[in-house]
> 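Dropping a structure here in structure tokens format, bear with me for questions.
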Amino acid sequence: MAKESITLIDNRTGKSYEIAISYGIYPLDGAAIRASDLRQVKVSEDDFGLMSYDPAFMNTASCQSTITFIDGDKGILRYRGYPIEELAEKSTYLETAYLVLYGELPTKAQLEKWTHDITWHTMIHENIKKFMDGFHYDAHPMGMLVSTVAALSTFYLDAKHIFDAGSRKTQTHRLVGKMPTLAAFAYRHSLGRPYAYPDNDLSYTGNFLNMLFKMTEVKYKPNAILEKALDVLFILHADHEQNCGTNAMRCVGSSQADPYCAVAAAAAALYGPLHGGANEAVLRMLGEIGSKGKVPEFVKKVKAGEGKLMGFGHRVYKNYDPRAKIIKRVADEVFEVTGRNPLLDIAIELERIALEDEYFIKRKLYPNVDFYSGIIYQAMGFPVEMFPVLFAIPRTSGWIAQWEELLLDAEQKISRPRQVYLGQDTRSYVGIEQRETGKTGQTSPKGVA
Ligand code: ACO
């Protein structure tokens, strides 16, 4: 029978090494060797040993996880084994968040208790409101969200007891409950509107819409179709295994920082235009293109290396992003209520042309979750600055699930990659009088004249 190992021959020494292979639940997708097993490969006793060099973690598994499964070639996404398509059709965001966090769909009683616990924690301390007031009128809501969620760490000192299961549970309720409130307050602040307090009679997304859009009416009534559409979008964004934001959550969490600081770091990572900021960039791009007729010209520029087609491409999905398919369906339902977003025609034309083009086919570039989500959000009345915020709210449950998994994993330690050093070898200090480039043996740092 074949052995579950590889044999490595070091051609520098002629020595051979047997290294064990471990598997995930699908052997062909999850086979891995332990990078630390490479350390035995040495040319001499005092050699540090072989490392693997992997910028941007292109081929490095940083953890074992039971939360989310993705098969990028087949376009599969599952939370705790449940296909995203079924959850989007049958579940609710809060139920899915429970599943992501605790591994099983809740019973009726568990769901009632969970919903109650989250609802109980939707209010924020009045001092956070004052903190929010300190931001400039045109501050980006994502910057406000990142800062205020970090500030929660100063309100809940019990959060630092990260190895206390009870404390983790309370912080989970607080974070999932308060993120929509922080997000909505950031939005109202940017418009100079009074903050609208949570209405705990409403659903998670219904209450969020209430805090965003309530004006003078005594009771805000969310549109049921928009409330459901937002809920589906939240389900699609709940987790996505080891992406940039989640990696930030795990990295900061590994130093045993409290979960508010770790969520702030994860949200900061999500803010960038190559990650959760992409849907904002998509809208700006569609606006710049301006009309369907200008799409071929734009695609030509992208192929010439002048910018990227935002909302296209993914590190993992190389076939299609299953979330993008569901979002397209949600878009139709939303436009029935809001009227059609004129940018949709440009987006559809862009997708059509790109999917027929050799450049995009060869590089396996398909629309990702962000390509259509922004168009829906805009039709629902959200300004583009709110788009990454709308991503961060539902992703909070995934971040916390990944953080908790990290804390309970005996193999995990503080996150600390190695490097391959390419700088100067040891040299003696040069007095300032002698520091003239070229005369002292000093060389300019790379890129500095
Ligand atoms: N438009 C045009 N060309 C692209 C695009 C794009 N959107 N994405 C990748 N490419 C090209 C690259 O230029 C590269 O071409 P080359 O081989 O000729 O150099 C090739 O495709 C491979 O791309 P990489 O950058 O190596 O792919 P990587 O896995 O590192 O990047 C990423 C993935 C960051 C998502 C990238 O596709 C991208 O920047 N897309 C646009 C931004 C975006 O939509 N991000 C949202 C991702 S989903 C999310 O975070 C929720």
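Just so it is clear, the values below take in all heavy atoms, side chains as well, and ignore hydrogens, waters and symmetry mates.
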> Can you check side chain to side chain donor-acceptor pair (under 3.5 Å) on Thr96 and Tyr82, steps first, answer last?
CA-CA 10 Å; Thr96 298; Tyr82 292 100; over 6 Å; no
> With distance as the sole criterion, is a donor-acceptor pair present between the side chains of Ser44 and Asp47 under 3.5 Å?
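No pair is found: no donor N or O on one side chain lies under 3.5 Å from an acceptor on the other.
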> Are there more than 12 heavy atoms of other residues, nucleotides or ligands under 6.0 Å from atom NZ of Lys42?
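Enclosed: over 12 neighbouring heavy atoms sit under 6.0 Å from NZ of Lys42.
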> So, Gln242 and Asn247: side-chain donor and acceptor under 3.5 Å apart, yes or no?
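Result is no, nothing qualifies.
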> Would you say Tyr23 and Glu4 are linked by a side-chain donor-acceptor pair, where the criterion is simply a distance under 3.5 Å?
yes
> List the steps, then state whether side chain to side chain contact (heavy atoms under 4.5 Å, CB included) holds for Leu286 with Leu350.
CA-CA 9 Å; Leu286 295 175; Leu350 201 51; 3.9 Å; yes
> When you look at CZ of Arg12, are more than 12 heavy atoms from neighbouring residues, nucleotides or ligands closer to it than 6.0 Å?
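Yes.
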> Flag the pair Ile67 / Leu101 as yes when at least one side-chain heavy-atom distance between them is below 4.5 Å, and no otherwise.
no
> If you look at every heavy atom in Arg168 and Leu407, which pair is closest and at what distance?
CD-CD1, 3.9 Å
> Where is the tightest heavy-atom contact between Gly374 and Leu283, given as atom of each residue plus distance?
C-CD2, 3.5 Å
> Strictly distance-based, threshold 3.5 Å: is any side-chain N or O of Arg78 a donor or acceptor partner for the main-chain N or O of Ile84?
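Checked: no pair found.
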> Do Gln64 and Asp409 get their side chains close enough for a donor-acceptor pair, meaning under 3.5 Å?
no
> Would you indicate whether Tyr421, at its atom OH, is surrounded by more than 12 heavy atoms from other residues, nucleotides or ligands within a distance under 6.0 Å?
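Buried by this count: over 12 neighbours within 6.0 Å.
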> Determine whether the aromatic ring centres of residues Tyr79 and Phe69 are separated by less than 6.0 angstrom.
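Phe69 vs Tyr79: aromatic centres not under 6.0 Å.
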> Hey, mind stepping through Glu297 and Lys294 against salt bridge (Lys or Arg N to Asp or Glu O under 4.0 Å) and telling me if it holds?
CA-CA 6 Å; Glu297 192 188 320; Lys294 297 213 175 115; over 6 Å; no
> Between Tyr320 and Tyr366, is the ring centroid distance below 6.0 Å?
no
> Compare every heavy atom of Phe382 with every heavy atom of Leu209, then report the nearest pair and how far apart it is.
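Heavy atoms only, the tightest pair is CD2-CZ, 4.2 Å.
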> How about Asn59: does its CG atom have over 12 heavy atoms from other parts shown lying under 6.0 Å from it?
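No, CG of Asn59 has 12 or fewer neighbouring heavy atoms, counting only those of other groups under 6.0 Å.
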> Strictly by modelled atom types, are Tyr98 and Glu104 linked by a side-chain donor-acceptor pair under 3.5 Å?
no
> Going by the angle between their ring planes, with limits at 30° and 60°, are His240 and Tyr317 parallel, tilted or perpendicular?
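His240 vs Tyr317 ring planes: tilted.
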> Evaluate the side chain to side chain donor-acceptor pair (under 3.5 Å) criterion for residues Arg80 and Thr66: first the C-alpha distance (whole Å), next the side-chain angles of each, then the deciding distance (0.1 Å), finally the verdict.
CA-CA 7 Å; Arg80 303 284 189 182; Thr66 59; 3.0 Å; yes
> Under a 4.0 Å threshold between the charged nitrogen and the carboxylate oxygen, would Glu411 count as salt-bridged to Arg34?
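Between Glu411 and Arg34 there is a salt bridge, with a charged N closer than 4.0 Å to a carboxylate O.
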> Ring centroids only, cut at 6.0 angstrom: are Tyr156 and His161 within range, meaning strictly under it?
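So the answer is no for these two rings.
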> Nearest 0.5 Å, what's the CG-CG distance between Leu182 and Leu175?
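Reported to 0.5 Å precision, the distance equals 9.0 Å.
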> Below 4.5 Å, heavy atoms only, C-beta onward: do Tyr187 and Pro141 meet side chain to side chain?
no
> Could you check Val176 against His121 for side chain to side chain contact (heavy atoms under 4.5 Å, CB included), going step by step and ending with a plain yes or no?
CA-CA 8 Å; Val176 176; His121 286 285; over 6 Å; no
> Using the salt bridge (Lys or Arg N to Asp or Glu O under 4.0 Å) rule, take Lys300 and Glu306 through it: C-alpha gap first, then chi angles, then the decisive distance, then the call.
CA-CA 9 Å; Lys300 211 167 145 192; Glu306 297 172 35; over 6 Å; no
> Just checking Phe57: does its CZ atom have more than 12 heavy atoms from other residues, nucleotides or ligands closer to it than 6.0 angstrom?
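Counting other residues, nucleotides and ligands, CZ of Phe57 stays at 12 neighbours or fewer.
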> Just how far is it from atom CG of Asp258 to atom CG of Leu157, taken to the nearest 0.5 Å?
9.0 Å
> Work out which heavy atom in Leu236 is nearest to a heavy atom in Ala88; give both atom names and the distance.
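Looking at all heavy atoms of both residues, the shortest contact is CD2-CB, 4.1 Å.
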> Can you measure from CZ (Phe155) to OH (Tyr260) and round to the nearest 0.5 angstrom?
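Separation between the atoms: 11.0 Å.
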> Identify whether the distance between the nearest side-chain nitrogen and carboxylate oxygen of Glu288 and Arg284 falls below 4.0 Å.
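The answer is no: the pair does not qualify as a salt bridge.
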> Is a side-chain donor-acceptor pair under 3.5 Å present for Gln412 with Glu405?
no
> Could you give me the CA-CA distance, side-chain angles and deciding distance for His189 and Tyr137, then say whether side chain to side chain contact (heavy atoms under 4.5 Å, CB included) is met?
CA-CA 7 Å; His189 175 76; Tyr137 72 95; 5.5 Å; no
> Considering non-hydrogen atoms only, spot the tightest contact between Thr181 and Thr122 and give its length.
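Thr181 and Thr122 have their closest heavy atoms at OG1-O, 2.6 Å.
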> Determine the minimum heavy-atom distance between Ser91 and Lys228, stating which atoms define it.
O-NZ, 3.6 Å
> Scan side-chain atoms only and decide if Thr7 and Glu18 contain a donor-acceptor pair under the 3.5 Å cut-off.
no
> For a side chain to side chain contact (heavy atoms under 4.5 Å, CB included) check, start with the C-alpha distance between Arg39 and Leu50, then their side-chain angles and the critical distance, and finish with the verdict.
CA-CA 5 Å; Arg39 289 282 294 282; Leu50 201 63; over 6 Å; no
> CE/Met386 to CG/Leu390 distance, rounded to the nearest 0.5 angstrom?
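Going from the CE atom of Met386 to the CG atom of Leu390 covers 5.0 Å.
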> Within the 3.5 Å criterion, strictly below it, is a donor on Asp158 or Gln171 matched to an acceptor on the partner's side chain?
yes
> From Lys292 NZ over to Asp345 CG, what is the distance, rounded to the nearest 0.5 angstrom?
6.0 Å
> Please enumerate all residues that pass ring pair (Phe, Tyr, Trp, His ring centres under 6.0 Å) together with His237, with sequence neighbours excluded.
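Phe391.
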> Apply ring pair (Phe, Tyr, Trp, His ring centres under 6.0 Å) to Phe371 and list each qualifying residue two or more places apart in sequence or on a separate chain.
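Applying ring pair (Phe, Tyr, Trp, His ring centres under 6.0 Å) to Phe371 gives Phe312.
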> Can you tell if the side chain of Asp73 reaches within under 4.5 Å of the side chain of Asn319, non-hydrogen atoms only?
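The answer is no; the side chains never approach within 4.5 Å.
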> Under the salt bridge (Lys or Arg N to Asp or Glu O under 4.0 Å) criterion, do Glu356 and Arg352 qualify, and how do the steps go?
CA-CA 7 Å; Glu356 284 173 357; Arg352 189 187 66 77; 3.6 Å; yes
> Taking atom types as modelled and ignoring hydrogens, do the side chains of Asp231 and Thr92 form a donor-acceptor contact shorter than 3.5 angstrom?
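No, no side-chain donor-acceptor pair sits under 3.5 Å.
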